[in-house]
Trainee: 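Please find one structure pasted underneath; my questions will follow.
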Protein chains: 2
Amino acid sequence: MAQLSDSIEQFIKELMQQDAHIELRRNELAQHFGCAPSQINYVLATRFSVDHGYIIESRRGGGGYVRIVRMQTRGEPNFLETLLNRVGNSVDEETACAIISNLFERKMITRSEAGLMRAAVSRNALALPISAKDVLRAAVFRNMLVQAFKNLEEEKRDDV
Amino acid sequence: MAQLSDSIEQFIKELMQQDAHIELRRNELAQHFGCAPSQINYVLATRFSVDHGYIIESRRGGGGYVRIVRMQTRGEPNFLETLLNRVGNSVDEETACAIISNLFERKMITRSEAGLMRAAVSRNALALPISAKDVLRAAVFRNMLVQAFKNLEEEKRDDV
DNA sequence: TGTATTGACCATCTTTGACTATTATATAGC
DNA sequence: GCTATATAATAGTCAAAGATGGTCAATACA
């Protein structure tokens, strides 16, 4: 069931395989998919947020554009710390899932590991009043993030 | 006379003869049988539950779906069900870790996955009064167990 | 009495459109 | 020429509508 949003996401990701940053016309893209221009914003907001590892820049007016940049974390020594700070002591499910997708796309965790992490932070798992949920989710998620990074180190060691 | 539920069950099982996993539209199926959509949920709950060897995933909204995955019980039948029962709605850290180790020894999860699961159920992760901890841990853990088994099915699919 | 069925109400995700904001370019006034 | 203003060409925001599936309690049926 290729949803319009999914197709647009795919399309953009294919474009980005070549380059770490692309530039496009919102209206053109919308026309290409025969949809409302604001649909593009929806896709960007739900699949290309900072938590997903992308930065969006744009400009209006004549010659306007939308630029999508894949954030670099190669060799970023404080990536884990950055993520832990982002999570803080309260995080919603959407943000957590975005970060998990990000880790997967960067090949830092496997598809299965991503699944496990999502399972642990899903609203189903955390059967609590909503207010407490985000706080607890953050605690569980932080723990898993640290572990995920430990796993990476382990693997590195095994490779040697 | 075959009940509606029985017909729907049959219908789904026939679909699943080809593939161990199918995806369908709840509303379409309901319409096909001229019944209330919630009837589908009833059938899924009573005939395609985990203890019947199935895992259900779904998504709402436009392009929504219901996916049914059949677990090929290799070795012990309903191993997942056994584990879920063991966990119940309250489990201590030691027991959870024992189960995780067991899954690893059976090569049902990787070392990394085991690490992630331990991280999620550790007492550090669940910062709550002790009484509530076990209950919450059970909820998180059950969710992860189901996911771990889903992962196994996924991998099997990828192998093919 | 236990199982099956339905319907009302809820939750989630997507798509659209009206309205707004910004920028480049053309035009007018000096 | 230079500046001010209008116009056109973009993109952004937000709330409403549309498209699904979920839950649960009341009711019907076997």
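Everything numeric here is computed off the predicted structure, so don't read it as measured data.
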Trainee: Find the distance B:L4:CG to C:dG7:P and express it as a whole number of Å.
Mentor: 12 Å
Trainee: To the nearest Å, give me how far apart CZ (B:R47) and C1' (C:dA4) are.
Mentor: 8 Å
Trainee: Check the surroundings of atom CZ in A:R106: do more than 12 heavy atoms from other residues, nucleotides or ligands lie under 6.0 Å from it?
Mentor: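 Correct, the count exceeds 12.
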Trainee: Is it the case that atom CG in B:N124 sees more than 12 heavy atoms from other parts of the structure closer than 6.0 Å?
Mentor: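 Atom CG in B:N124 is packed in, count exceeds 12.
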Trainee: Other residues, nucleotides and ligands only: do more than 12 of their heavy atoms fall within 6.0 Å of CD on A:E23?
Mentor: yes
Trainee: For a quick test of reading the model: is some side-chain N or O of B:S5 closer than 4.0 Å to OP1 or OP2 of C:dT5?
Mentor: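 Affirmative; the distance criterion is met.
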Trainee: Taking atom NE2 as the centre, does B:H52 end up with more than 12 heavy-atom neighbours from other residues, nucleotides or ligands that are less than 6.0 angstrom away?
Mentor: yes
Trainee: Please tell me if A:S38 has a side-chain N or O lying less than 4.0 Å from either OP1 or OP2 of C:dG17.
Mentor: no
Trainee: Is any side-chain N or O of B:Q3 closer than 4.0 Å to OP1 or OP2 of C:dA4?
Mentor: no
Trainee: Tell me which of A:G62 and A:P37 sits closer to the 5' end of DNA chain C, going by the nucleotide each one is nearest to.
Mentor: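 Result of the comparison: A:P37.
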Trainee: May I ask you to evaluate whether B:R59 reaches the phosphate of D:dT20, defined as a side-chain N or O under 4.0 Å from OP1 or OP2?
Mentor: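 It does not, given that no N or O in the side chain of B:R59 lies less than 4.0 Å from OP1 or OP2 of D:dT20.
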Trainee: For B:C35 and B:G61, find the nucleotide of DNA chain C closest to each by heavy atoms; which residue's nucleotide sits nearer the 5' end?
Mentor: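 Looking at the nearest nucleotide for each, B:C35 comes out on the 5' side.
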Trainee: What's the CG-P distance between A:L44 and C:dT14, to the nearest Å?
Mentor: 14 Å
Trainee: At under 4.0 Å, does any side-chain N or O of B:Y42 touch on OP1 or OP2 of C:dA4?
Mentor: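 Affirmative; the distance criterion is met.
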Trainee: Provide, to the nearest angstrom, the distance between the CZ atom belonging to A:R26 and the C1' atom belonging to C:dT22.
Mentor: 12 Å
Trainee: For A:R25 and D:dT10, is the shortest distance between a side-chain N/O and OP1 or OP2 below 4.0 Å?
Mentor: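 Checking D:dT10 against A:R25, a side-chain N or O does come within under 4.0 Å of OP1 or OP2.
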Trainee: For a quick check of understanding: with a heavy-atom distance under 4.0 Å over all strands, which category does A:R123 fall into, base, sugar-phosphate or nothing?
Mentor: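 Answer is sugar-phosphate: A:R123 comes under 4.0 Å of backbone atoms only.
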Trainee: Indicate whether OP1 or OP2 belonging to D:dG22 is found under 4.0 Å from a side-chain N or O atom of B:N41.
Mentor: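 B:N41 to D:dG22 OP1/OP2: side-chain N or O found under 4.0 Å.
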Trainee: Take the protein atom CD1 of A:I40 and the nucleotide atom P of D:dG12, then report the distance between them rounded to whole Å.
Mentor: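 The distance from CD1 of A:I40 to P of D:dG12 comes to 10 Å, rounded to the nearest Å.
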Trainee: Does D:dG22 have OP1 or OP2 under 4.0 Å away from a side-chain N or O of B:S58?
Mentor: yes
Trainee: Whole Å only: how far is the CD atom of A:Q31 from the P atom of D:dA11?
Mentor: 12 Å
Trainee: Within this structure, what is the CZ-to-P distance between B:R60 and D:dT20, rounded to whole angstrom?
Mentor: 15 Å
Trainee: For A:E94 and C:dT12, what is the distance between atoms CD and C1' respectively, to the nearest whole Å?
Mentor: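 Rounding to the nearest Å, CD of A:E94 and C1' of C:dT12 are 11 Å apart.
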Trainee: Answer yes or no: are there more than 12 heavy-atom neighbours, outside B:R86 itself, under 6.0 Å from its atom CZ?
Mentor: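 For B:R86, atom CZ is not crowded (no more than 12 foreign heavy atoms under 6.0 Å).
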Trainee: Can you tell me if B:N27 touches the phosphate of D:dG21, counting only side-chain N or O atoms and a distance under 4.0 Å to OP1 or OP2?
Mentor: yes
